[in-house]
**Student:** 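Before we start, here is the structure in question, set down as structure tokens.
What you see is a predicted model, and the numbers here were worked out from it, not measured in a lab. Counting convention: from 1, in listed order, for ligands and their atoms alike. When a residue number appears, it is its place in the shown sequence, counting from 1.
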Amino acid sequence: MENTSAFQNALNQLASVKDKIGLEEDVYERLQSPDRVIEVSIPVRMDNGGIKVFTGYRSQFNDARGPYKGGIRFHPNVSRDEVKALSMWMTWKTAVIDIPLGGGKGGVIVNPKELSAGELERLSRGYMRAIARFIGERIDIPAPDVYTDPRIMAWMLDEYEQIAGHKAPGVITGKPLSIGGSKARGYSTAQGGFYVLVELMKKLGLGKDSRISIQGFGNAGSNMAEILSDHGYKVVAVSDTGGGTGNPSGLNIREVEEHKKKTGSVVNFANGGNLTGDILETETDVLVLAALENAVTEKNAGKVSAKVILELANGPVSPEADKILDKNGAVVVPDILANAGGVGVSYLEQVQNSYMYYWSEEDVLEKLKEMMIRAFNDIWREKEKHKATLRQGAYILAVGRVAQAMRDRGLN
Ligand code: NAD
């Protein structure tokens, strides 16, 4: 049976801003369903000689502002419902940072950890063969997501170009540098979140002596910790699935990374003490959520001491928890802004591909910074105007921009 919760959540979020922005019924009606969801069967020759058929999806939600854009997820929990929800959120994310793209998302139901490298390559190429006729540099541009990476993007690009009969590097982003990837793409999500956090801390009068704690020490979380400590901020606690480590004077993040590389976890780090409780409940000024969805729910929201919460992960604060945190005076930076740096640099990658001219890391970062700070200020303005939360401000801005493009096209 299909799990309907993710898409229902996305619909509820849309409904919550409908009246605030005076969204007309025609536009609202159209925004409640994706333009199309493509479902494909992908036969893969397995190493044992047999064929296994995998199911994949591509949801193209809305392209009023530009080509559909969004990652491809390889995960056992992928479902039609989940890709629909994620494609709707991508539509808001690209609109929030005001890049000329729409929203899409793809996925394959698979546990990639159970596949050999050869099987993974054949699955990646098979998925691209199945969706190639529906995507394109000016139609729909995929990218990496959970359990997909630059190596997989390279196989998919190669397959697409063999089918098309010409080079088309801009058809997919998150590629290796050797075939048209962008500098800074690897840590762009954390970098974008950092720019936003610095702006917010300035507004709230929080200095570099503020205590920052980070849940999740994977790609997003560890890069965030590194960027913060490189800029002189005090990261007092970090955690992963094994537990957490803390030091009230600030952790040496490079050393924590070394320790994690050696032992597989941040726990038992020599220059820190193991956290005895949940990192969400530690005394801190800023909490960065970089693990999974629904980390903060109505059960633990009351125990969060942080006054600033940054959603680097997708959906880490449940709607009920959001209300509790707001009541307690905490400011939550919503995922559609906080982690939009990833799609921001994906867009810059496409621009470089179109130019056939590549920028330095400094150039890319300067453009990303401008994009993120502008989005933050735009959202702050909406929040003030509507006496709303930052999340509501972000939705008001994003849905408003998409609706305007639809009206201008005469689509309503
Ligand atoms: P990842 O797998 O590299 O890291 C996840 C980390 O979370 C791991 O360190 C894991 O140990 C930790 N974790 C899991 N459950 C935990 C728990 N209960 N307590 C503490 N730590 C826990 O994944 P990632 O790429 O860093 O992604 C993290 C989140 O950020 C996801 O929601 C993802 O969708 C979102 N995100 C990532 C990117 C990106 O570019 N990596 C872009 C946009 C959004």
**Student:** Among R125, K167, K175, which residue satisfies the salt bridge (Lys or Arg N to Asp or Glu O under 4.0 Å) criterion with E161?
**Tutor:**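 Option passing the salt bridge (Lys or Arg N to Asp or Glu O under 4.0 Å) with E161: K167.
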
**Student:** Contact residues of ligand 1 with a heavy-atom cut-off of under 4.0 Å?
**Tutor:**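 Residues T189, Q215, G216, F217, G218, N219, A220, S239, D240, T241, K260, A290, A291, L292, L312, A313, N314, N339 each place a heavy atom under 4.0 Å from ligand 1, listed by chain and number.
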
**Student:** Give me the ring orientation class for W380 and F376: parallel if the planes are under 30° apart, tilted from 30 to 60°, perpendicular past 60°.
**Tutor:**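 Tilted: the ring planes of W380 and F376 meet at 30° to 60°.
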
**Student:** Just by distance, no angles: are the side chains of Q191 and Y195 close enough, under 3.5 Å, to form a donor-acceptor pair?
**Tutor:**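 The criterion, which ignores hydrogens and geometry beyond distance, is satisfied for Y195 and Q191.
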
**Student:** Looking at D98 and R65, is any side-chain nitrogen of the basic one under 4.0 Å from a carboxylate oxygen of the acidic one?
**Tutor:**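 Salt bridge between R65 and D98, a charged N being under 4.0 Å from a carboxylate O: yes.
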
**Student:** Relative to each other, are the rings of F74 and Y127 parallel, tilted or perpendicular (30° and 60° limits)?
**Tutor:** perpendicular

**Student:** Please collect all salt bridge (Lys or Arg N to Asp or Glu O under 4.0 Å) contacts where either partner lies in residues 127-148, sequence neighbours excluded, each pair once.
**Tutor:** R58-D140, R73-D145, K105-D145, R129-E159

